[in-house]
Amino acid sequence: MRWISTKPFSGAHFAVMPWDLVEPCVLAGSRPGDEVLVQSLTYVGTFQAISAAGATPVPCEVDVETCTLDPDDARQRLTERTAAVVPVHYAGCTGRFDEVRELACANGLRVIEDAAHAFGGSQGGKRIGSFGDVTCFSFDGIKNITSGEGGALVTDDAAVTEYAVDSRLLAVGRDTQQRFAGTRSWDFDVRHQGYRYHMSDVMAAIGRVQLARFERELKPRRQLLASRYAERLQYLKELRLLPLNCPNVVPHIYPVRVLDGRRDAVRQALARHGIETGIHYKPNHLLTYYRKEGFSLPVTEALYTELLTLPLHPSLTDSEQDEVIRVVETALQ
Ligand SMILES: *Cc1c(COP(=O)(O)O)cnc(C)c1O
């Protein structure tokens, strides 16, 4: 798929910036004042990537069932300055991504997928990363696969590729390709701001081993744990589960919604049994750096009081998971 814009984007305005110093994310046409639609319910890394590129993140609501970007809410926030939309595949689920893409196509927006949670997943039989405009993966230590630190950007846009490849090594033109070919030149040119965001060989070696383990071990284990949770927890009327048990999703986290104001009680019960939980995430529009007077997102703020992330990682054993489930069941009795 080749992304076709109805807006004049020029390669000269592309900006490359890190997600946590290592993962480049490309924003087309990023100039001060450009706006980027993004769900508020995401890790601050998504917001920081947008603001680091000089653009303004515009916080949007999420779809309550999947915690992915709500295209109807995003549509209301379009302005003349909207340049891109950043859907987050929350917990690995693509949610209403097709509608987000339609919205983007109709309005000439770049689509930059935050697929930090979604490595190895697919949608409609296609791998995530194989059908989008620009897709960003994270290989941070806790993600579906890791290279210690690092990430990857996938795109079929030649201009984005060239810009990202040059930018990761101080924007020295075609430096990576020439170094690997043994033809590094001392007569080079630099046309834009560059960074030191290339992946080291040490990280790449870790990543390659993880890649081999992924299909065999990491992916099936994550999927099995998610389906065991779903099987046992779906009957609790105070819980709402996210649709994470389908074969398309390789869940990075296992968030549930605890209704009736009982989230913190469940969380404390788990903590008393030595079981750590998470809250994904504090909405970004509530953070000092991104807060705007009088701005609120009711759906997102309500979700923030309900969401509870249960342990899910490949080394979690069946009996440990059974214990988590037992404590949740007891706390909700
Ligand atoms: C982890 C994460 C990131 C950042 O990835 P890094 O590789 O740590 O920079 C961005 N977005 C989301 C949703 C994440 O979970």
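Please read these numbers as outputs of a predicted model, since none were measured by experiment. For ligands, and for the atoms within them, numbers begin at 1 and follow the listed sequence.
Of all atoms in ligand 1, numbered sequentially from 1 with element shown, those under 4.0 Å from a heavy atom of Thr46 are 11 (N). The atoms of ligand 1 that sit less than 4.0 Å from any heavy atom of Gly150 are 7 (O). Less than 4.0 angstrom separates some heavy atom of Thr42 from each of these atoms of ligand 1: 13 (C).
Residues Tyr163 and His192 bring their aromatic ring centres within 6.0 Å.
Put simply, part of Lys143 is less than 4.0 Å from ligand 1, judged by heavy atoms. The closest approach between any non-hydrogen atom of Tyr281 and ligand 1 is below 4.0 Å.
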Checklist line | Pair His285-Phe295, ring-ring contact (aromatic ring centres under 6.0 Å, His included): steps then yes or no | finding: CA-CA 8 Å; His285 73 279; Phe295 182 88; 5.6 Å; yes
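Counting heavy atoms under 4.0 Å from ligand 1, residue Glu149 does not touch it at all.
Any N or O atom pair closer than 3.5 Å counts here, and His117 shares at least one such pair with ligand 1.
Residues passing the side chain to side chain donor-acceptor pair (under 3.5 Å) test with Arg263: none are found, sequence neighbours excluded.
Applying the salt bridge (Lys or Arg N to Asp or Glu O under 4.0 Å) definition to pairs two or more places apart or across chains, none involves residues 270-296.
With salt bridges taken as basic N to acidic carboxylate O contacts below 4.0 Å, none links Asp133 and Arg101.
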